[in-house]
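Heads up: the structure comes next, in structure tokens.
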Amino acid sequence: MRAGRRDGVLIAARLVQGLGAALLTPQTMALVMAVFPAERRGTALGVRGSVAGVATLSGPTLGGPLVSTVGWRRVSFVNVPIGLLVLALTFLLVHDLRTGRAHRLDLPGVLLALAGTALFATRTATPAAVPA
């Protein structure tokens, strides 16, 4: 495989990974809100935030030596056993949270959020990063 094609595949995979994380992250807060009673939610959200902060710092810190020892191709598989363990524990420990109500996509809200994000991104980007 040529280097350019390999780079494109890696970039596409990271894009999919980022989109997956963007879809999952808000779900963790919704899960905390649904599982914990009102008087314990603040503590639960604080623990969630602390875990997210530690993960944000430890990923690059542990990832550097890991990539140096096993290589960047194999480092992606580190999360597979962790993900399988978390998935199994979720099925064992978290009860069914479905409410039985039908939900629909808030299309005007999605479009408004998309427009706001695009406006923010274009207005805060450095002039060198924005093509003329």
Side-chain angles (χ1 to χ4, degrees):
M1 187 182 289
R2 292 187 344 256
R5 179 172 158 85
R6 196 171 36 230
D7 292 345
V9 170
L10 183 61
I11 291 169
R14 291 290 291 158
L15 176 67
V16 170
Q17 184 182 25
L19 288 173
L23 291 171
L24 286 176
T25 300
Q27 303 309 315
T28 62
M29 293 183 77
L31 185 65
V32 167
M33 297 298 285
V35 170
F36 288 92
E39 62 274 1
R40 294 185 54 209
R41 283 186 193 143
T43 302
L45 288 170
V47 169
R48 181 222 170 262
S50 299
V51 169
V54 168
T56 301
L57 294 174
S58 65
T61 304
L62 298 174
L66 196 58
V67 168
S68 297
T69 56
V70 299
W72 69 267
R73 288 179 177 89
R74 287 190 225 142
V75 80
S76 301
F77 294 106
V78 168
N79 288 330
V80 172
I82 296 169
L84 291 174
L85 176 66
V86 168
L87 187 62
L89 289 174
T90 300
F91 280 114
L92 290 172
L93 301 175
V94 178
H95 63 279
D96 189 357
L97 300 173
R98 290 178 281 195
T99 61
R101 296 182 313 203
H103 298 280
R104 61 181 184 81
L105 181 64
D106 176 19
L107 191 56
V110 169
L111 293 174
L112 185 61
L114 181 63
T117 302
L119 184 63
F120 177 76
T122 57
R123 296 297 174 207
T124 59
T126 60
V130 178

Point to revise | Spacing of CG belonging to L111 relative to CG belonging to D106, to within rounding of 0.5 Å | key: 9.0 Å
Review point. side-chain contact (heavy atoms from CB on, under 4.5 Å) with A44: which residues, sequence neighbours excluded?
Key: V32, F36
Practice item. Just jot down the side-chain contact (heavy atoms from CB on, under 4.5 Å) partners of L84, sequence neighbours excluded, or say none. Key: V80
Review point. Going only through I, L, V, M, F, W and Y residues with side-chain contacts under 4.5 Å, is there a path from L62 to V70?
Key: no
Study note, to complete from the structure: Apart from L92 itself, members of its ILVMFWY cluster (side-chain separation under 4.5 Å) are L85, L89, L93
Review point. Hydrophobic cluster mates of V47, side-chain heavy atoms under 4.5 angstrom, ILVMFWY only, any path?
Key: V51
Review point. Taking C-beta and beyond as the side chain, do L66 and R74 meet within less than 4.5 Å on heavy atoms?
Key: no
**Study point:** For D96, all residues meeting salt bridge (Lys or Arg N to Asp or Glu O under 4.0 Å), sequence neighbours excluded
**Key:** R98
Using distance only, find each side-chain donor-acceptor pair of residues 16-26 under 3.5 Å and give its atom names and separation, not counting sequence neighbours.
from : atom 1 : to  : atom 2 : distance (Å)
Q17  : OE1    : R14 : NH1    : 2.3
T25  : OG1    : A21 : O      : 2.7

**Study point:** Inter- and intrachain pairs under side chain to side chain donor-acceptor pair (under 3.5 Å), touching residues 34-48, at least two apart
**Key:** T28-R48
Check your understanding: Pairs in or reaching into residues 50-70: which pass side chain to side chain donor-acceptor pair (under 3.5 Å), with residues at least two apart or in two chains?
Key -> none
